[in-house]
Amino acid sequence: MKRPQPGRVAYVNARLLDPASGLDSPGGLLTDGPLIADFGPRLFADGVPEGAAVVDCEGHCLCPGLVDIRAHLREPGAEHKETLASASQAAAAGGITSIACMPNTDPVIDQIPMVEFIARRARETSEVKIYPCAAITVGLQGEHLTEIGMLAEADVTGFTDADRAVMNSKVMRRALSYASAFDVLIMQHPEDRALAEDGTMNEGELATRLGLAGVPIAAETILIERDLRLLETVPRGRYHVAHLSSGASVDIIRAAKARGLPVSCATAPHYFALNETAVGDYLTFAKVSPPLRAESDRQAVAAGIAEGVIDVIVSDHAPHDQDSKRVPFAQAANGIIGVETMLPLALELYHKGDVPLLDLLRTMTVRPAELLKLPGGRLAAGAHADLCLFDLDAPWTVDVTKLRSKSKNAPYDGRPLQGRVLRTVVDGRTIFEAE
Amino acid sequence: MTEDVPDRRYPHRHLLGIAGLGADEIESLLDLADTYVELNRRTEKKQSLLRGRTIINLFFESSTRTRTSFELAGKRLGADTINMSVDVSSIKKGETLLDTATTLNAMHPDVLVVRHPDSGAVMLLASKVNCAVINAGDGSHEHPTQALLDALTIRRRLGHIDGLTVAICGDIMHSRVARSNIHLLNTMGARVRAVAPPTLVPTGIERLGCEVFHDMREGLRDCDIVMMLRLQSERMRGSYLPSTREYFRFYGLDYDKLAAARPGALIMHPGPMNRGVEIDGTVADDITRSVILDQVELGVAVRMACLEILSANNPPAPETEVAR
């Protein structure tokens with residue numbers, strides 16, 4: 001993709017928000033080419049530099065571009081569901097400037113040529129920065145480790161078997177151990193396969209009423225507990241729970257962090273914006289893995305973000321076409337699209353008074369960037385100018401047909417939201433601007 | 001769900017489940033079914049009420065008795081009834097449920113009777129067709145005509161349902177019959193017990209309105225009705241149960257366990273029975289106690305009532321009339 005070199009742009013009248021430094025202040029920011037030249041409360045006190053284009057932020061929030069470290073982008077192998085290009089447009093509209101994509105493509109991202117393929121396709125078709133994660137095990141089969149060292153040399157910083165858990169304890173232990181030599185992150189999909197097998201929604205009264213087989217919360221907690229026991233035996237291992245759904249899991253992570261274990265975890269907006277009742281009368285758009293849980297779990301996940309036990313909010317973007325979702329519930333694919341709605345759904349936590357704004361933004365900027373050692377996620381002179389300008393209060397209503405992802409599988413149609421992305425900037429260049 | 005339909009006794013387009021139906025709606029279906037019982041015992045059984053109407057029995061799961069019962073019900077009312085067993089045709093060609101639904105819908109049936117192995121599949125299908133849909137069993141969700149015929153059986157034998165204690169015994173977890181019956185019996189004022197090993201009791205079932213027992217004798221104590229469920233042999237795999245003989249020892253209905261129930265308590269079973277697994281063969285055949293054949297007989301009458309009411313509620317749309 002040919003990209004014109006941006007000149008100098010002055011963002012004036014902004015509310016500058018930088019979770020990394022704790023900055024929350026009116027001010028301005030100047031970009032020069034692809035980089036941030038300077039920023040601060042008094043930057044344009046003596047006027048805007050000559051020749052710089054001016055963007056009047058009208059008092060709206062200007063923060064680092066969002067960093068989403070869990071999205072399924074479907075290319076290669078399922079381009080009818082999503083491509084890097086379509087995902088990039090959707091993500092840009094959601095204020096996201098960096099995505100770590102999942103390796104469960106066809107073929108699986110488990111070798112260097114696949115990493116290079118994604119990098120090349122991203123350069124050619126995507127304006128948002130895309131960083132491929134690689135599989136922990138070859139073919140996501142849970143048996144043989146991928147070439148973690150060579151993949152790390154090819155700049156892969158996160159390893160995960162995507163929507164499959166590494167079930168074999170010995171393999172998992174060795175993955176944590178071997179990966180520690182290269183200081184890369186092992187990200188686990190927390191679900192014990194035997195316990196979750198055949199289950200299609202949260203175990204409980206609702207599943208019983210609907211006659212659907214349930215997935216118990218123990219499927220999640222057992223695997224996290226096991227992995228933490230393994231982690232205790234691995235010096236310098238780095239373990240991350242890719243997305244947790246339950247209050248019990250939050251408790252486990254809190255206790256592990258208190259013990260000093262090198263653990264981090266993420267959750268996705270659907271785990272704090274929805275509960276199991278979203279399944280209603282077999283709404284397959286609300287089918288996701290791990291499943292949506294009870295209201296008490298939803299509240300506990302929100303509280304886990306407020307408390308800082310949950311490090312990161314990810315979109316968990318999982319596009320599926322109609323043929324994968326317009327089938328009986330048990331046959332339907334798991335997943336919800338999420339890049340475009342991640343920020344406004346997260347902002348619900350701020351508007352409800354649960355989470356301060358900077359703390360909330362930290363989970364979608366500097367913290368995920370740190371975990372995967374990605375550039376970006378912070379405002380700094382000399383850093384790449386990846387920015388998100390958003391109106392904190394603008395009300396709007398979700399119309400799934402208008403979402404930019406190729407797939408429309410979001411259970412949020414008609415949901416009123418507050419907060420909207422106005423402009424997304426990557427390397428100093430505006431890649432999205434609200435109408 | 002209530003729409004502007006001709007028959008106010010049951011003002012719905014479809015019959016997808018018992019959950020959500022009121023006692024008066026259930027009563028009126030049972031009252032109508034009652035009128036067909038005598039008809040079905042005559043030599044000349046055929047009516048012309050549904051002459052010209054088309055009923056398709058669409059079965060995605062094998063069934064003998066339910067399908068035959070619906071087929072007879074339709075034919076006795078004079079409708080043209082055809083059977084489609086999809087598990088042996090289109091599914092193998094990769095056709096989806098909704099493709100099948102829209103294809104059949106284009107042929108303008110008046111009623112689709114649908115059975116499907118997945119919970120919620122019949123509701124999904126009903127949302128995509130213009131005709132009436134009867135749920136003939138979807139996964140572990142509901143089997144409303146079975147609950148209705150069970151209710152009619154009880155009502156004809158004992159005169160009432162309210163105040164009775166009914167023990168539903170066996171594989172509650174995977175049973176659509178159990179769920180439909182729990183809903184119906186609660187709505188009609190009966191007390192319901194669920195008797196099963198813990199591995200076959202789904203989480204939260206007591207919230208649907210039943211008391212759970214793991215000891216069968218305790219569960220049957222002083223109950224008026226013993227409703228047995230079929231145990232699928234697949235349950236022996238997947239660690240639900242160790243063996244059929246162990247199951248029969250603790251949860252199979254024999255005279256010894258039946259002695260805990262009220263003297264003269266009725267025995268029901270939706271069929272087909274596994275003799276020596278969930279029920280002792282001699283108990284099943286005991287004509288003083290078992291009403292299993294009544295259930296089969298009344299099933300036809302109940303399905304006639306459902307077909308009649310839903311046909312009345314779904315008059316042929318004007319555009320389906322033959323254009324000249």
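Just so it is clear: chains get the letters A, B, ... in the order the sequence lines come, proteins before strands, and each one is counted from 1. What you are looking at is a predicted structure, and each value in this text was computed from that prediction instead of being measured.
- At a cut-off of 3.5 Å, with distance as the only test, a side-chain donor of B/D150 or B/Q295 sits close to an acceptor on the other residue.
- In this structure, chain A has heavy atoms under 4.5 Å from both the backbone and the side chain of B/R207.
- Here A/E340 pairs with A/R404 in a salt bridge; the nearest charged N to carboxylate O distance falls below 4.0 Å.
- Heavy-atom distances place both the backbone and the side chain of B/I205 under 4.5 Å from chain A.
- Counted by atom type alone, B/T103 and B/T100 present zero donor-acceptor pairs between their side chains at under 3.5 Å.
- Contact of B/L208 with chain A is made through backbone and side chain together, with heavy-atom distances under 4.5 Å.
- Between A/E220 and A/R226 there is no salt bridge, since no side-chain nitrogen of the basic residue lies less than 4.0 Å from a carboxylate oxygen of the acidic one.
- Here A/E205 pairs with A/R209 in a salt bridge; the nearest charged N to carboxylate O distance falls below 4.0 Å.
- Taking chain A as the reference chain and counting heavy-atom pairs below 4.5 Å, the highest number among B/A121, B/G120, B/G204 is found for B/G120.
- A side-chain donor-acceptor contact under 3.5 Å links A/H72 and A/N104.
- Between A/Y282 and B/H141, the ring-plane angle classifies as perpendicular under the 30° and 60° cut-offs.
- Under 3.5 Å, the side chains of B/T66 and B/R115 contain a donor-acceptor pair of N or O atoms.
- Highest contact tally toward chain A, considering only B/D118, B/V122, B/D138, is held by B/D118 [criterion: heavy-atom pairs under 4.5 Å].
- When the heavy atoms of residues 315-338 of chain A are compared with those of chain B, the residues falling under 4.5 Å are A/R326, A/V327, A/P328, A/F329, A/A330, A/Q331, listed by number.
- Side-chain atoms of A/R293 and A/S245 form a donor-acceptor pair, as typed in the model, at a separation below 3.5 Å.
- If you tally non-hydrogen atom pairs under 4.5 Å between each of A/G211, A/G214, A/A207, A/P216 and chain B, the highest count goes to A/G211.
- Between chain A and the residues B/L125, B/I172, B/L124, the most heavy-atom pairs under 4.5 angstrom are made by B/L124.
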